[in-house]
Each structure stands twice: as structure tokens, then as C-alpha cells.
K.L.:
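Have a look at this one.
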Amino acid sequence: MEGALLTLAHKAGLEPDRVRTELPRTDFIPFESEHRFMATLHHDHRGNGFVYVKGAPERLLEMCRLQRFEEIEQPLDPSFWLARIDELASQGERVLAVAVRQVPANHRLLDVRDVESGLTMLGLFGLIDPPREEAVAAVAECRSAGIRVKMITGDHAITARAIASQLGFTNVSEALTGSEIEVLSDHELAERVSRIDVFARASPEHKLRLVQALQARGAVVAMTGDGVNDAPALKRADVGVAMGIKGTEAAKEAAQIVLADDNFASIANAVREGRTVYDNLKKTISFLLPINGGESLSIVVAIMIGATLPITPLQILWVNMVSSLCLALALAFEPTEPDAMSRPPRSPAEPILSGLVVWRVVLVSVLFLAGIFGMFKWALAQGADVEKARTLAVNTLVAMEVFYLFSVRFLRTPSLTFKGVLGTPVVLVSVAAVVVLQLMFTYAPFMWRFFETRPITIAEGWPSIAAGILVFAILEVEKAIRHRWFEASRGGSHPSGTAAVRP
């Protein structure tokens, strides 16, 4: 903002260095949010003193008694200035007012009382600060993800609404100002904060109250800020986000996240990455638990019915240490799902082992149990000895793991697509590694001695692959039925999401 004012001075034919020499600064009052202005004291070479003030137009109008036009001073006309302020603000410009007051030559120290009254209004500045294109896109992405973005600013209410319109906010027809917030009770503020998206002329105290009001409505609040006075609101928010470039150390200490580039789009990117990490964690759990469940059930059931173990403990150790681990690692590198930023947020109280995960664990465990036992019994019925039947059972288990990997990569959407079948480079490398290791497990003579396995022919191995394909098909049908039932029960409505508050 200061750079824009200096540029304007150059365009107006002023030389800032010459002005500083002719009218040096002798004292100043820095900008404070409670004052909403800054003031500087200057003395010329004749000793005359001048106080120049710039700040919020409404605040300076309260402090002015006169206005100056073409070097002629006359009584202040507030309606004229208010109309000009609204005209500039409606264009989305940040409006600053400038006023002056002459003081005695011996006046060398500046106090707030020196500028609270008796000023002469000189003019208005309109500063254009359009939102970045990526910020507009990020707000739209947040809306699709169920995040209600709100703006808290110290700017004029009309300016704030115009910028909110450019950003694509939901409600730009009204704005709540700091003076209006002060007269509202906590209950009244909580009622209004849910439907209003723009808050103007807000102080740090107002920001803190707004965060508390949103939380009282059950919202999960992410608050961004950069100043010392933002620290209480950043600390109170569920997720405090400080600016890394222009943010103060107090703001960074109070926040949980620091943006290295001060870009709002980075918040949307962080939400996307967070959902990706959570999805991949859920996929990994949904992958490993059923596999171990199927292996455990096969041993438990065999013991309970007094049958021969279809897989030995050492063979289970091989599957868990090699095949399962290798395939599960691939899920950690899964890309973001297409609907990650178009579905509503999950509830903070939702456990990682949700009903969907528990159902998937039970269903897949039963399918793996059926595949392992079914292949073992089928091999014995075909005249194979116990070692070869166990080798077929282990290969069936690994084949079901491979096909289940392709199914679990998409928990909510179909996996039987070109993208789903093709996989990712990491998935393909992991599957290739498992195939090589399983060939070694089956055909390497030293593995026969370690794991009591036997080589199998291609004709004997096809049923194992068929079992994997069958598991994949059953899970795709289950996924389609569950998706249709969920859409019907939801009725097309979206639950309320989190709220991101941006000053």
C-alpha cells in the first residue's frame, strides 16, 4: 500500500526525496487497529508544524471539521465524502482518506489527542488490490469440498462485498461490520455468523468473537492471520494458519500451520493433500486387515473343525513379510481421488475404523477365507498332496491380494475403469515384484525346503488367478450397490462442512 502511494506521488509530479528534505518528519503515531489511522508530524524550514493523517475514511470524517478544495477551506460536507467513498468501494477499491492539521512550531511530540479533532480533509485514495486468479479458483474448490469460506477484513463494507463477489463467495448481499458485532450478544452473533460471509471494519477482538461464534455453531474453523493482534484468534481456531512471509513471529507461534508463500490457494492444496493422506491411510488399513483376517480365520476354522491347516504359519509369515508389505506400500503413493475435493468433509468424531471399513474388513476376510480353504480342498480333491495343495492356497491368497489391491485403490468409485485397471507406476512395480517373488517361492528349489512348497503347472495355477478375479468382481458389485443405496438414503443433500475464516 505504501509503495502504491509513492508511485502515485511520482505520477503526480512529486519527488518523495525532495519532500522529505523540505518537510522532514519529527514524530509519528503508527497504525493501530483500534485507532484505524496513522499520523506523522512534520516541520518545514520556517518551523511551521503540520500533522498529516491517513486511515479509514469513516474514522477521519469523525476527526475532521473542515475540507479543502483548491486551497480553499470550507466546512466539512460528510454526505459528499460518504458518496465518494461508496463510489470507490463499490468498485472493489480499498479507500484511504488523508487529512491535515497545522500545529505550533514548538509542537515536537505527537499524541493521539492532537489528531482526534480539528483536522481538514484533503482527499481520498482508491487502491486496487484484485484477488489472485488462484485465490478465486481456491475459493471455488473449497466450496465444492464443503468448506464455507468467510472473509474478515478491516476494509469498508462495500469494498469487502465487492471483493467477496470477485472471489465467488456464497453470500455477498450483506456484510457485518465491527460496530454491529459489538452490539450483538454472543447468542445473536452465533445466529448471524452462519449465514453471513463478509465481515468488515473488524478488529482483532471481533475476529476472536467470530471464531468462537462459529465454533458455537459446531463448525470446524481454520483462521488465517499475520499480525500480533491476530494471535488470540489463531490460537482459538481449530486450525490456525499464519503467513510465513509477512506474518509476525507472534502469529507464527500461535498458529498450527505457516504458509511459506502467503497464498490462500495453498490452504486448498493442503486440504486436498490431507484428504489424500487420510484416504491412503484408510485404503492401507482396508487392505491389510482383511488379508490378516482371512489368514487368521483359515487357521482358526481349520483348528475348530479338526482339518489340516491350509497354510502353515511359516507360509503366512512369507505372505505378510513379502507380498502384503510390498503391495500395501504402493497404497501410500496413491494419487488424489477424483472426488476428493467434491465430497463433504468427514466429521471430526468419525473413527478411522468407520462402519464402511469394518464392513469391508469382514466381507473381504470371509472372501479370503473361502478362497484359501476352497482352493486347498479343491487341490486335495484333484489328487494333489498336502504340500502342493498348500502351495496353491498360498498362490491363491497372493492372487486375491493383487486383485484386491486394484479394488481398494478406489473405496467409493468403481475400479473397473481404464485408469483403475492400468494402475500407477508404483502399483505396477509392486505387482511385478510380488509376481517375481511368488515365482521364486513356488519354483526355487531352496524355497521348497524352507516353506515346504511344490512347483505347480500353468494349468494348476489358473484357478488361483480366477479366484482373484472373482473377488474383484464381487467387490465391484458390492461397491455399486452400496453407492446406490448411499445416494438414495442421502437424498442428494450435503451435510454442513467446515468453515474457513480469512482476514
K.L.:
Between side-chain atoms of residues 159-167 and protein atoms elsewhere (two or more places apart, or another chain), which donor-acceptor pairs fall under 3.5 Å?
P.N.:
{"residue": "T159", "atom": "OG1", "partner": "E93", "partner atom": "O", "Å": "2.8"}
{"residue": "R161", "atom": "NE", "partner": "V172", "partner atom": "O", "Å": "3.1"}

K.L.:
Answer yes or no: is there an ion pair linking E478 with R482, defined by an N-O contact shorter than 4.0 Å?
P.N.:
yes
K.L.:
If every non-hydrogen atom of A200 is compared with every non-hydrogen atom of A157, which pair is closest and at what distance?
P.N.:
CB-CA, 3.4 Å
K.L.:
I'd like to know if the side chain of R217 reaches the main chain of S194, judged simply by a donor and an acceptor atom lying under 3.5 Å from each other, with no hydrogens or angles considered.
P.N.:
no
K.L.:
Using only heavy-atom distances, determine whether the side chains of T391 and T453 contain a donor-acceptor pair under 3.5 Å.
P.N.:
no
K.L.:
Output yes when a side-chain donor or acceptor of S324 lies under 3.5 Å from a complementary backbone atom of V319, and no otherwise.
P.N.:
yes
K.L.:
If you measure from the Lys or Arg side-chain nitrogens to the Asp or Glu carboxylate oxygens, is any gap between E141 and R272 under 4.0 Å?
P.N.:
yes
K.L.:
For the residue pair A237 and V221, what are the closest heavy atoms and their distance?
P.N.:
CB-O, 3.7 Å
K.L.:
Mark yes or no for whether S298, through its side chain, and E295, through its backbone, hold a donor-acceptor pair below 3.5 Å.
P.N.:
yes
K.L.:
Would you call E334 and R275 a salt bridge, using N to O less than 4.0 angstrom?
P.N.:
no
K.L.:
Looking only at side-chain N and O atoms, does N395 offer a donor or acceptor that is under 3.5 Å from a partner on S464?
P.N.:
no
K.L.:
Give a yes or no on whether I128 atom CD1 has more than 12 heavy-atom contacts from other residues, nucleotides or ligands under 6.0 Å away.
P.N.:
no
K.L.:
Ignoring hydrogens and angles, tell me if any N or O in the side chain of E476 forms a donor-acceptor pair with the backbone of S407 under 3.5 Å.
P.N.:
no
K.L.:
Please determine if R346 forms a cation-pi arrangement with Y278, meaning its NZ or CZ atom is less than 6.0 Å from the six-membered ring centre and no more than 45° off the ring axis.
P.N.:
yes
K.L.:
For the CZ atom of R360 and the CG atom of L289, what is their distance to the nearest 0.5 Å?
P.N.:
12.5 Å
K.L.:
Quick check for you: to the nearest 0.5 Å, what is the distance between S286 atom OG and L363 atom CG?
P.N.:
11.5 Å
K.L.:
Under the 3.5 angstrom rule, does the side chain of T413 hit a backbone N or O of F410 as a donor-acceptor pair?
P.N.:
no
K.L.:
Do you know the tightest heavy-atom contact between V402 and V434?
P.N.:
CG2-CG1, 4.4 Å
K.L.:
Taking the side chain as every heavy atom from C-beta outward, state whether L327 and F287 have any pair of such atoms under 4.5 Å apart.
P.N.:
yes
K.L.:
Just how far is it from atom CD of E387 to atom CZ of R454, taken to the nearest 0.5 Å?
P.N.:
4.5 Å
K.L.:
Considering all heavy atoms of both residues, which atom of H156 and which atom of A89 are nearest to each other, and what is their separation?
P.N.:
ND1-CB, 3.9 Å
K.L.:
Anything under 30° is parallel, anything over 60° is perpendicular, the rest tilted; go ahead and classify F368 against Y404.
P.N.:
perpendicular
K.L.:
Does the W448 side chain pair with the main chain of T442, one donor and one acceptor, at a distance under 3.5 Å?
P.N.:
yes
K.L.:
To the nearest 0.5 angstrom, please state how far the CD1 atom of I291 sits from the CD atom of E401.
P.N.:
3.5 Å
K.L.:
Would you say V198 and N171 make side-chain contact, with heavy atoms under 4.5 Å?
P.N.:
no
K.L.:
Any side-chain heavy-atom pair from F264 and L259 closer than 4.5 angstrom?
P.N.:
no
K.L.:
Apply the side chain to side chain contact (heavy atoms under 4.5 Å, CB included) test between D197 and each candidate in E174, K150, M151; give the one that qualifies.
P.N.:
K150
K.L.:
Quick one: CG on N263 to CG on N269, what's the gap to the nearest 0.5 Å?
P.N.:
8.0 Å
K.L.:
Within a 6.0 Å radius of atom CD on E133, are there more than 12 heavy atoms belonging to other residues, nucleotides or ligands?
P.N.:
no
K.L.:
Using the side chain to side chain donor-acceptor pair (under 3.5 Å) rule, collect all pairs that involve residues 235-244, keeping only residues at least two apart or in two chains.
P.N.:
Q215-R236, Q215-D238
K.L.:
Donor-acceptor check, side chain of S342 to backbone of D339, threshold 3.5 angstrom: yes or no?
P.N.:
yes
K.L.:
Is any NZ, NE, NH1 or NH2 atom of the basic residue among D262 and K246 found under 4.0 Å from an Asp or Glu carboxylate oxygen of the other?
P.N.:
no
K.L.:
Would you confirm whether S144, through its side chain, and M341, through its main-chain N or O, come within 3.5 Å as a donor-acceptor pair?
P.N.:
yes
K.L.:
With a 4.5 Å cut-off on side-chain heavy atoms, are L88 and V95 touching?
P.N.:
yes
K.L.:
Between K252 and E249, does any side-chain N to carboxylate O distance fall below 4.0 Å?
P.N.:
yes
K.L.:
Would you say the side-chain atoms of K479 and S415 include a donor-acceptor pair closer than 3.5 Å?
P.N.:
yes
K.L.:
Could you grab the distance from atom CD1 of I465 to atom CE of M400, nearest 0.5 Å is fine?
P.N.:
13.0 Å
K.L.:
Hey, are the side chains of R390 and L309 touching, using non-hydrogen atoms and a 4.5 Å cut-off?
P.N.:
yes
K.L.:
Are R143 and R148 close enough that some pair of their side-chain heavy atoms sits under 4.5 Å apart?
P.N.:
no
K.L.:
Are side-chain N/O atoms of E180 and T177 paired as donor and acceptor at under 3.5 Å?
P.N.:
yes
K.L.:
Between E460 and K388, is there a side-chain heavy-atom distance shorter than 4.5 Å?
P.N.:
yes
K.L.:
For a quick test of reading the model, state the closest non-hydrogen atom pair linking I245 to A260 and the distance between them.
P.N.:
CG1-O, 3.4 Å
K.L.:
Grab the two heavy atoms, one from A467 and one from T396, that are nearest each other, plus how far apart they are.
P.N.:
CB-CG2, 3.7 Å
K.L.:
Taking side chain as C-beta onward, heavy atoms only, is I147 less than 4.5 Å from V271?
P.N.:
yes
K.L.:
Is the count of non-hydrogen atoms from other residues, nucleotides or ligands lying under 6.0 Å from Q382 atom CD greater than 12?
P.N.:
yes
K.L.:
Taking D230 for its side chain and G227 for its backbone only, find out whether a donor-acceptor pair lies under 3.5 Å.
P.N.:
yes
K.L.:
Got a salt bridge between E337 and K283, using NZ or NE/NH1/NH2 to carboxylate O under 4.0 Å?
P.N.:
yes
